[in-house]
Amino acid sequence: MVFLTPIVMQRTALFVTFGGVVTSLITTFLPLWKTMNSDLNEVENWFSGLWHTCLYTEEVGVQCKAYESIMGLPMDLQISRVLMLVSVGTGCSALLAAIPGLEGVGMCVGQPGLKRRLLILGGVLSWVSGLTTLAPVSLVAYTTVVDFWDEGFPDVMPRWEYGEAMFSGWFGGLALVIGGTLFFVAVCMRDYDQRPASVPNSPQAKHRTKHYLKTF
């Protein structure tokens with residue numbers, strides 16, 4: 001395709017990676033990882049995130065409170081905090097590494113090898129960022145399912161369910177993985193375009209032509 005060029009692929013990879021970083025950053029601080037509402041009191045809705053627990057009522061609105069102690073948090077939330085912060089950091093690093101490696105950017109001019117390595121580094125960091133986003137979201141999703149189907153809880157007790165932030169986390173992680181893959185594809189496309197053209201008058205070409213004539 002005419003429009004599918006290395007430059008277009010690089011810009012697409014940068015755009016997808018940037019969207020994944022923003023989505024992961026928003027997911028990190030949204031208090032909507034888990035939701036809970038009771039059948040006994042339908043006017044109250046509880047929301048839980050990595051940093052806050054919020055209560056919504058029709059009379060007061062939303063009231064949020066930060067967790068008092070890190071050590072008192074469940075292990076899945078402690079791990080998710082660290083991994084999400086690592087994800088945001090590596091995602092920003094991927095953008096900073098990839099931007100100088102883009103063609104048309106006035107940085108590292110005349111150094112195609114360095115630009116190629118920067119794009120590869122951006123792809124690797126984007127992959128790491130995506131995996132460190134998918135891992136904590138999937139971990140919290142697993143613990144939520146286990147607690148929801150725990151037969152030790154009475155049926156009348158409310159239980160935590162998936163919140164909107166978990167779905168945005170999955171979306172952001174996949175976007176980062178796809179963005180990193182597109183960086184690798186852009187590098188391969190550029191390597192293919194810059195491959196040395198075969199010379200018709202070279203000895204190898206003459207040998208192949210001669211052999212072809214003989215067998216014909």
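What's counted below: heavy atoms across the whole structure, side chains too, no hydrogens, waters or symmetry copies.
Separation of atoms CG (Leu119) and OG (Ser126) is listed at 12.0 Å; rounding is to 0.5 Å. The OG atom of Ser138 sits 12.5 Å away from atom CG of Asp76, with the distance rounded to the nearest 0.5 Å. Remark: Leu55 CG to Met36 CE distance equals 9.5 Å, nearest 0.5 Å. One finds the CD atom of Gln63 at 13.5 Å from the NE2 atom of His52 (value rounded to the nearest 0.5 Å).
Leu125 and Leu134 are members of different hydrophobic clusters when ILVMFWY side chains are connected at heavy-atom separations under 4.5 Å. Both Leu102 and Phe184 are assigned to one and the same hydrophobic cluster, defined by single-linkage of ILVMFWY side chains at heavy-atom distances under 4.5 Å. The same ILVMFWY cluster, assembled from side-chain heavy atoms under 4.5 Å apart, contains both Leu174 and Leu25. Leu121 and Val88 are not part of a single hydrophobic cluster, where members link through side-chain heavy atoms under 4.5 Å apart. Residues Val82 and Val21 do not share a hydrophobic cluster, defined by chaining ILVMFWY side chains whose heavy atoms lie under 4.5 Å apart.
Shown here for Ser129 and Thr132, the closest heavy-atom pair between the two residues is O-OG1, 3.0 Å. Between Glu164 and Thr35 the shortest heavy-atom distance is OE1-CG2, 4.4 Å. The heavy-atom pair separating Gln10 from Phe183 by the smallest distance is O-CE2, 4.1 Å. Taking all atoms of both residues into account, the shortest heavy-atom contact from Leu131 to Val177 is N-CG2, 4.4 Å. The nearest pair of heavy atoms linking Val16 to Ala175 is CG1-O, 3.2 Å. Counting all heavy atoms, side chain and backbone alike, Ser48 lies closest to Thr53 at OG-OG1, 4.3 Å.
Identified under the ring-ring contact (aromatic ring centres under 6.0 Å, His included) test for residues 162-182, with sequence neighbours left out: Phe167-Trp170.
Side-chain atoms of Arg81 come within 3.5 Å of backbone N or O of Leu50 as a donor-acceptor pair. Proximity of a side-chain donor or acceptor of Ser168 to a complementary backbone N or O of Ala165 within less than 3.5 Å is detected. Not a single donor-acceptor pair under 3.5 Å links the side chain of Thr17 to the backbone N or O of Leu14.
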Check against side chain to side chain contact (heavy atoms under 4.5 Å, CB included), Met189 and Val185: CA-CA 6 Å; Met189 292 176 64; Val185 173; 4.0 Å; yes
Side chain to side chain contact (heavy atoms under 4.5 Å, CB included) evaluation trace for Thr28 with Trp51: CA-CA 9 Å; Thr28 302; Trp51 312 91; 3.9 Å; yes
Side chain to side chain contact (heavy atoms under 4.5 Å, CB included) between Leu176 and Ser24, worked out: CA-CA 9 Å; Leu176 287 166; Ser24 296; 3.6 Å; yes
Working for side chain to side chain contact (heavy atoms under 4.5 Å, CB included), residues Lys115 and Arg190: CA-CA 11 Å; Lys115 281 183 171 290; Arg190 175 52 59 189; over 6 Å; no
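By the neighbour-count criterion of 12 heavy atoms within 6.0 Å, atom CZ of Phe15 is sparsely surrounded, having that number or fewer from other residues, nucleotides or ligands.
Chaining together hydrophobic side chains whose heavy atoms lie under 4.5 Å apart places Leu139 alongside Met75, Ile79, Leu83. Grouping Ile, Leu, Val, Met, Phe, Trp and Tyr by side-chain contacts under 4.5 Å, direct or through others, leaves Ile7 on its own.
Side-chain atoms of Thr27 and Trp33 form no donor-acceptor pair, as typed in the model, at a separation below 3.5 Å.
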